[in-house]
Structure formats: C-alpha cells, structure tokens
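The residues of the chain are indexed from 1 along the displayed sequence. Keep in mind that this is a model prediction, so the values were computed, not measured.
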Amino acid sequence: MKKDLLGIADLTPDEIYLVLDTTEAMREIGERPIKKVPTLRGKTVVNLFYEPSTRTRTSFEIAEKRLSADTLNVAVASSSVLKGETLADTARNIEAMAPDMIVLRHASSGACHLLSRICRSRIINAGDGMHEHPTQALLDAFTIREHKRHLAGLKVTIVGDLLHSRVLRSNVLLLTKLGAEVWVSAPSTLVPPGIDRLGVHVSTSVDDAVVGADVIIMHPGPMNRGVEIASEVADGPYSVILEQVANGVAVRMAVLYLLAGDAGAD
C-alpha cells in the first residue's frame, strides 16, 4: 500500500483486492460480542471534515474506535476557517500535534493531494469536491462481491446526477479496473463531458441502461426519497443499501489498518 489513500485512480487492481480481502477479516470483528481489537492502539487519527457528512464521519469514527485508535473530530466549518485560516494552515497546525493519520472531507477537488504534499501524516480521502470518494467505491465493490462473488464481467448501471458525483468517478475507475462493464445514465445536462473516455457506456435512457444489469439497487446515502429513488425500490427485496452502510465500517477499518503499515494483526 502507498502512504495515503487519495483516490481509486492511484490504486492497482492488486491493491484494490488487498483492501477487499482485508475487509473480510475486519467485518468478522464487527460480528463479535466485543467489537474491539488493539490493532491501532497508540495511533492518533484526526477526522478533519470541512463539509457536514454524518454518515461518512460516523463510519470512520466507529472504524477507528474498533481498532483502538485515539480519535479527534475537527468540525472545521464551525472553527478556524471562519476566521480566514487556510487548509494548509490548519493542516500544519494539526501536523504539529503529530497525528498518525488525517481523514479529510473537503469541498475542493484535490484538497487531499495538497495535504499529502505538506503532511507527514497518512492522508485518507473521505471525499474531495467532485473528484473522488475512494472508500465509498471500495465498500460498493465489497458489497457487490459479497452477492455476486466476482466483479469481472458484471454489468453495473449507475443512474442519477452524474455531473456532480465524486462517487461516480471512484466507482467507474474501480469497476473498470476490475473488469466490470459499466453503464451510466442521466439526462444529457447531468452527464459529465468526456465520461465515455473512462470506458463506460453512456445512455440518456434509464430503461436502456438497466437492461441486463447485474447490479442495480445500491445508494451511497443519504437518499432523497421520492425524488431520486422511490421508497418501494429503496426498501424492496433487491436493495442492499443498509448492507452498504454496515460494510462501510469494515472497509474503513481495512484502509486504516493497511495504511498504519506496522500494525500487527489480532
């Protein structure tokens, strides 16, 4: 594994499979009566969130606590940024406290790459602008593999507001690397220009895009019921949305463990 997890674009298929395989072991910890191991005892993780994201931040925090890390949540929106402090300033001040890892959510694409260049701490991208959301793509891939046993050769259809979706980019990069056939569908005004260059099939017809799809009813949350997804679909028999939430903790445990490097298995 590399020093940081900045995006799926940086990962090889072998590294992706390493995360998915490690997630299997981490999920087992979550099924124990006592859901805690000393793997990251003595490590400090800072959750630095410039955007509100209860789901992702909570998932990371639970993952960190299950691995016995010391965690610090910094809600930047209500602190120093309002006084004009830059991301680089904030990062350097946090770095001076010698954390082992920083989990960053930021509205600007590439913010994690900036931190990676100026911080010795390991950086984990928890979503940056419209760029990437790598742990979401990893938990999606893990969920698909749980149900389908493999990803190569599957037809996966992604529907919705593609233009503003960092999850789309990470999922497309991961799924195509692992040999899935990816279709995307949205009104033409919500299709990113040049998305076809990433090796996906583009259709403005949802009906056409979902024909023969192996994977459909997933959602990164939070759901806008009745607008982007109907309740009978979200809660129906083909939905694995709540499984995604549960798997998110195990995937983030796997990423933290692998990036810690010198941590011993329990």
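- At a threshold of 4.5 Å between non-hydrogen side-chain atoms, the residues Arg66 and Met26 do not count as touching.
- For the side-chain hydrogen bond (donor to acceptor under 3.5 Å, both in side chains) with Glu61, the lone residue among Asn73, Thr56, Asn47, Thr71 that qualifies is Asn73.
- Ile94 CD1 to Leu48 CG: the interatomic distance, rounded to the nearest 0.5 Å, is 4.5 Å.
- Taking all atoms of both residues into account, the shortest heavy-atom contact from Met218 to Ile144 is SD-CG1, 3.8 Å.
- The backbone N or O of Ala111 lies less than 3.5 Å from no partner atom in the side chain of Ser108, so there is not a single donor-acceptor pair.
- For the pair Leu18 and Thr22, the tightest heavy-atom approach, listed with the atom from each and the gap, is O-OG1, 2.7 Å.
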### Message
Run Val215 and Asp140 through side chain to side chain contact (heavy atoms under 4.5 Å, CB included) and show every step you take.
### Response
CA-CA 10 Å; Val215 182; Asp140 289 347; over 6 Å; no
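- For the pair Ala180 and Val156, the tightest heavy-atom approach, listed with the atom from each and the gap, is CB-CG2, 4.3 Å.
- With respect to the salt-bridge test (charged N to carboxylate O, under 4.0 angstrom), the residues Arg117 and Asp4 do not qualify.
- With a 4.5 Å cut-off on side-chain heavy atoms, Thr90 and Val74 do not count as touching.
- Taking CD1 of Ile124 as the reference point, atom CG of Leu259 lies at 5.0 Å (rounded to 0.5 Å).
- Between the side chain of Ser121 and the backbone N or O of Pro99 there is at least one donor-acceptor pair closer than 3.5 Å.
- Judged as a ring pair (Phe, Tyr, Trp, His ring centres under 6.0 Å), the pairs with a partner in residues 99-132 (not counting sequence neighbours) are, in order, Tyr50-His106, His113-His131.
- Using a 3.5 Å distance cut-off with no hydrogens or angles, the side chains of Glu132 and Asn125 do not pair a donor with an acceptor.
- In the hydrophobic cluster analysis, where Ile, Leu, Val, Met, Phe, Trp and Tyr join through side-chain heavy atoms closer than 4.5 angstrom, Leu115 is grouped together with Leu72.
- No option in Thr23, Val19, Thr143 other than Val19 meets the side-chain contact (heavy atoms from CB on, under 4.5 Å) test with Leu138.
- Heavy atoms only, all atoms of each residue included: Ala213 and Thr157 are closest at CB-OG1, 3.5 Å.
- At a threshold of 4.5 Å between non-hydrogen side-chain atoms, the residues Glu51 and Arg57 do not count as touching.
- Grouping the Ile, Leu, Val, Met, Phe, Trp and Tyr side chains by contacts below 4.5 angstrom, directly or via other members, places Leu168 with Ile16.
- In this structure, Thr58 contributes its side chain and Arg55 its backbone to no donor-acceptor pair below 3.5 Å.
- What you find for Met253 and Leu67 is that their closest heavy atoms are O-CD1, 3.5 Å.
- Side-chain atoms of Lys35 do not come within 3.5 Å of backbone N or O of Glu28 as any donor-acceptor pair.
- Of the possible donor and acceptor atoms, one in the side chain of Lys155 sits under 3.5 Å from a partner among the backbone N and O of Ala209.
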Enumerate donor-acceptor pairs with a distance under 3.5 Å from any side-chain N or O in residues 182-198 to protein atoms, sequence neighbours excluded.
{"residue": "Trp183", "atom": "NE1", "partner": "Glu181", "partner atom": "OE2", "Å": "2.8"}
{"residue": "Ser185", "atom": "OG", "partner": "Ser203", "partner atom": "O", "Å": "2.9"}
{"residue": "Ser185", "atom": "OG", "partner": "Val206", "partner atom": "N", "Å": "3.4"}

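- When the side chains of ILVMFWY residues are joined at heavy-atom separations under 4.5 Å, either directly or via intervening members, Val233 and Val245 end up in two distinct hydrophobic clusters.
- Residues Leu258 and Val251 share a single hydrophobic cluster, defined by chaining ILVMFWY side chains whose heavy atoms lie under 4.5 Å apart.
- Applying the ring-ring contact (aromatic ring centres under 6.0 Å, His included) rule to His164 yields no partners; only residues at least two apart in sequence or on another chain are considered.
- The line from OG of Ser109 to CZ of Arg169 is 9.0 Å long, rounded to the nearest 0.5 Å.
- What you find for Glu64 and Val45 is that their closest heavy atoms are OE2-CG1, 3.3 Å.
- Using modelled atom types and a 3.5 Å distance limit, the side chains of Glu146 and Asn247 yield no donor-acceptor pair.
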### Query
Does the pair Lys2 and Glu15 meet the rule for a side chain to side chain contact (heavy atoms under 4.5 Å, CB included), with working shown?
CA-CA 9 Å; Lys2 299 169 176 64; Glu15 287 174 320; 2.7 Å; yes
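- Panel note: side chain Lys177, backbone Leu11; a donor-acceptor pair is recorded below 3.5 Å.
- Considering only heavy atoms from C-beta on, His147 stays 4.5 Å or farther from Tyr238 through its side chain.
- Although no hydrogens or angles enter the test, the distance criterion places no donor-acceptor pair under 3.5 Å between the side chain of Thr44 and the main chain of Asp100.
- For Ala137, the side chain to side chain contact (heavy atoms under 4.5 Å, CB included) partners are Ile8, Ser170, Asn171, Leu174, not counting sequence neighbours.
- The side-chain heavy atoms of Arg32 and Val37, taken from C-beta on, include a pair separated by under 4.5 Å.
- Partners of Ser59 under the side chain to side chain contact (heavy atoms under 4.5 Å, CB included) rule, at least two apart in sequence or in another chain, are Val249, Arg252.
- The CD1 atom of Ile229 sits 6.5 Å away from the OG atom of Ser239 when rounded to the nearest 0.5 Å.
- Taken from CE in Met101 to CD1 in Ile123, the straight-line distance is 10.5 Å, to the nearest 0.5 Å.
- The stretch residues 210-228 participates, sequence neighbours left out, in these side-chain hydrogen bond (donor to acceptor under 3.5 Å, both in side chains) pairs: His219-Glu228, Arg225-Ser231, Arg225-Asp235.
- Taking 4.5 Å as the limit, every side-chain heavy atom of Leu139 sits out of range of all side-chain heavy atoms of Thr135.
- Summarising the geometry, atom CG belonging to Leu6 is positioned 6.5 Å from atom SG belonging to Cys112; distances are rounded to the nearest 0.5 Å.
- Grouping the Ile, Leu, Val, Met, Phe, Trp and Tyr side chains by contacts below 4.5 angstrom, directly or via other members, places Leu173 with Leu154.
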